[in-house]
Amino acid sequence: MPRTTVQHPADPPVTAGFLGPDRTWHLGAGAVTVVTVVSFAIWAFLHTGSGVNPILLVLAILFGLFMAFNIGGNDVANSFGTSVGAGTLTMKQALMVAAVFEVSGAVLAGGSVTETVRSGIVDIDAMNVDPQSFAYIMMSALLGGAVWLLLATKMGWPVSTTHSIIGGIVGAAVTTGVATGTGGLEMVQWGEIGQIAISWVLSPLLGGISAFLLFGAIKRHILAPAARAIALGSHGFDDAEDDDDDEDDDEDGELTEEDQRHMAASERVSELQQAAFAESAALDLTPGGPGAQLAEFAAGLSKKKRKAARKIERKAAYHALEKRVPPLAAGAAMVIAAMLVFKGLKNVGLDLSIGGGILLLAMVGMAAWMAVTVFARTLKKQSISRATFIMFSWMQVFTASAFAFSHGANDIANAVGPFAAVLDVLSTGEISAEAAVPAAVLIAFGVALVSGLWFVGRKVIATVGTGLTSMHPSSGFAAELAAAAVVLLASVLGLPVSSTHILIGAVLGVGIVNRSANWKLMRPIALAWIITLPAAASIGAIVVLTLRALF
């Protein structure tokens, strides 16, 4: 059987000619982005009327779309990093999934109304600022957060977009207060800053613990039987050696007491080796590499004994896929449904009672259980390694899609909120407590998210998908599901967490299980989390002074 060579999708493409091998995709994405920007600018001028300062409106549009672009390059890339790193989705497939679910989340559940200062971290009301100064503050916050996000993205650091926009607001508002003599550092709600500091530790810790427990259970109860079945194949490969004549050799299917001792010895293979067995198309037999120990043991068995042992492990592996994966999928479906209903669709009038919500989740869970059970039975004709890969790949596609929808519904507000405030001020000349968000804004900013993912998101995807630890469909699924569960629980309990930090913690949790977490890379990422707020604040302060000087 020819071995399958898997080229990692997170690796940068080899340059070949103008714009490289993905020239058509680059040109297509660029054309869509340009058309969106021009069309949105025309709409904005028609929406605000003729009395608006055209230069100020153009800057506001550029700052807002630039912020959305960089949210896509950092936060959306962070969300898709596990899927691309695991090989479940290619970069192009991730772009298509993001295009559908990110934009759908933004348009359907992005919120018909958003607070002008969504963080509540600065008491701007106490400043008594005029509408023009308020617009400068929001515009500066957008550019401050966007520039920092771009710098972090270029370095491959996944950071919090929420903390970035908060930092921009703090820097611009405090600087405006000092410049006008209407306030200073006393305007900052330092208790909120303290909660952000807590999230630096709490978010990755919760994500890491959840992923560690979930993936550890998946490895012990689902991957381990598949790993042993693969290792006991011919030369340690999952080539279904002599499976065609298994029925003719039923008399060899009984294991002696000595064989049982050999089986016990095979189970002592490290968890890391087992993961490599179950999630690779071919077993790595290089000296000292994953699989060498068990393959050496299997080579010492007679053909009949190896076949007998392998039949037992293959049966156990398929049993695990059919009996243990469906309840796992049901739980995942319920978590995803709850996240979409309570975090994503709450703004579209879907008001469910507690009883109605529980009933809906129960139906979703039961449907997922039955569907995955049937799907698992159809995979029995596949090799166990391929069956395992396909099963978890499909489940990870669903978690990635749900994350994309939820992200589009929630985190797009980091760009839409301040921009809507600026647009409202330019249209009415007044500061409103809340600003309506037209559908055109949500669509344009949704397109900017996807554009950012494609053009600048590759380094963050590489960090999350391969840099912190190696990802496979089962481990990527575990990381995404654990992160989704923690985000949902934190929202219910009101804990100060960051979804970005939670997912990074979940990836590290998987790495700890596999004993392959890259703590060296985590150091600059953790430092980037700490300096996100002051960095964005500093840029926001410079921008607001520049705007005040120019206008």
Side-chain angles (χ1 to χ4, degrees), residues 19 22-76 92 94-114 135 138-139 141-143 145-147 149-150 161 165 347-348 404-405 407-428 435-457:
L19 296 179
D22 293 330
R23 177 177 58 185
T24 302
W25 285 79
H26 287 318
L27 293 176
V32 171
T33 303
V34 171
V35 170
T36 300
V37 172
V38 174
S39 301
F40 182 64
I42 294 173
W43 173 88
F45 274 95
L46 294 175
H47 177 76
T48 54
S50 58
V52 68
N53 185 324
I55 298 179
L56 200 61
L57 179 57
V58 169
L59 288 177
I61 293 170
L62 293 178
F63 291 179
L65 291 175
F66 187 48
M67 179 63 177
F69 178 87
N70 286 291
I71 290 176
N74 196 287
D75 215 5
V76 178
K92 295 172 184 177
L95 178 71
M96 299 306 295
V97 172
V100 173
F101 288 92
E102 289 278 350
V103 176
S104 297
V107 174
L108 296 178
S112 57
V113 177
T114 183
M138 294 296 107
M139 291 173 60
L142 286 170
L143 187 58
V147 170
L149 283 177
L150 180 61
T161 56
I165 193 66
N347 292 323
V348 297
F405 183 89
H407 182 272
N410 291 278
D411 286 0
I412 196 174
N414 291 319
V416 167
F419 178 79
V422 175
L423 196 66
D424 185 62
V425 167
L426 295 180
S427 300
T428 65
V437 182
V441 176
L442 296 172
I443 295 173
F445 280 51
V447 172
L449 284 178
V450 178
S451 178
L453 170 66
W454 176 255
F455 286 111
V456 298

Counting only pairs under 3.5 Å, give me each side-chain donor-acceptor contact of residues 34-41, with atom names and distances, residues two or more places apart or in other chains.
{"residue": "Thr36", "atom": "OG1", "partner": "Val32", "partner atom": "O", "Å": "2.7"}
{"residue": "Ser39", "atom": "OG", "partner": "Val35", "partner atom": "O", "Å": "2.8"}

* **Rounded distance (nearest 0.5 Å) linking atom CG of Asp424 with atom CZ of Phe419** => 11.0 Å
* Straight-line distance of Leu423 CG to Met138 CE, nearest 0.5 Å -> 14.0 Å
* Asked: Atom CD1 in Ile71, atom CG in Leu449: separation rounded to 0.5 Å?
  -> 6.0 Å
* Closest non-hydrogen atom pair between Gly446 and Ile412, with its separation -> N-CD1, 3.8 Å
* With sequence neighbours excluded, what pairs up with Phe69 under the ring-ring contact (aromatic ring centres under 6.0 Å, His included) test? -> none
* Structure fact -> Between His47 and Ser427, the two heavy atoms sitting closest are CD2-OG, 3.9 Å
Show me, pair by pair, the donor-acceptor contacts under 3.5 angstrom made by side chains of residues 56-66, not counting sequence neighbours?
none

* To do: Keeping to residues at least two apart or across chains, list the side-chain hydrogen bond (donor to acceptor under 3.5 Å, both in side chains) pairs with something in residues 436-455.
  => His26-Trp454, Thr33-Ser451
* Asked: Closest heavy-atom contact between Asn414 and Leu142?
  -> O-CD2, 4.2 Å
* Report the distance from atom CG of Leu27 to atom CG of Asp22, rounding to the nearest 0.5 Å. => 10.5 Å
* **Heavy-atom closest pair, residues Ala420 and Val437** => CB-CG2, 4.0 Å
* To do: Can you sort out the partners of Ala68 under side-chain contact (heavy atoms from CB on, under 4.5 Å), two or more places apart, ordered by chain and number?
  => Ala415, Phe445, Ala448
* Asked: Could you state the interatomic distance from CG (Leu46) to CD1 (Ile42), rounded to the nearest 0.5 Å?
  -> 7.5 Å
* To do: Just jot down the side chain to side chain donor-acceptor pair (under 3.5 Å) partners of Asn74, sequence neighbours excluded, or say none.
  => Thr153
* Structure fact -> Nearest heavy-atom approach of Pro418 to Ala413 is CD-O, 3.7 Å
* Least distance between heavy atoms, Met67 atom then Thr161 atom -> CE-O, 4.2 Å
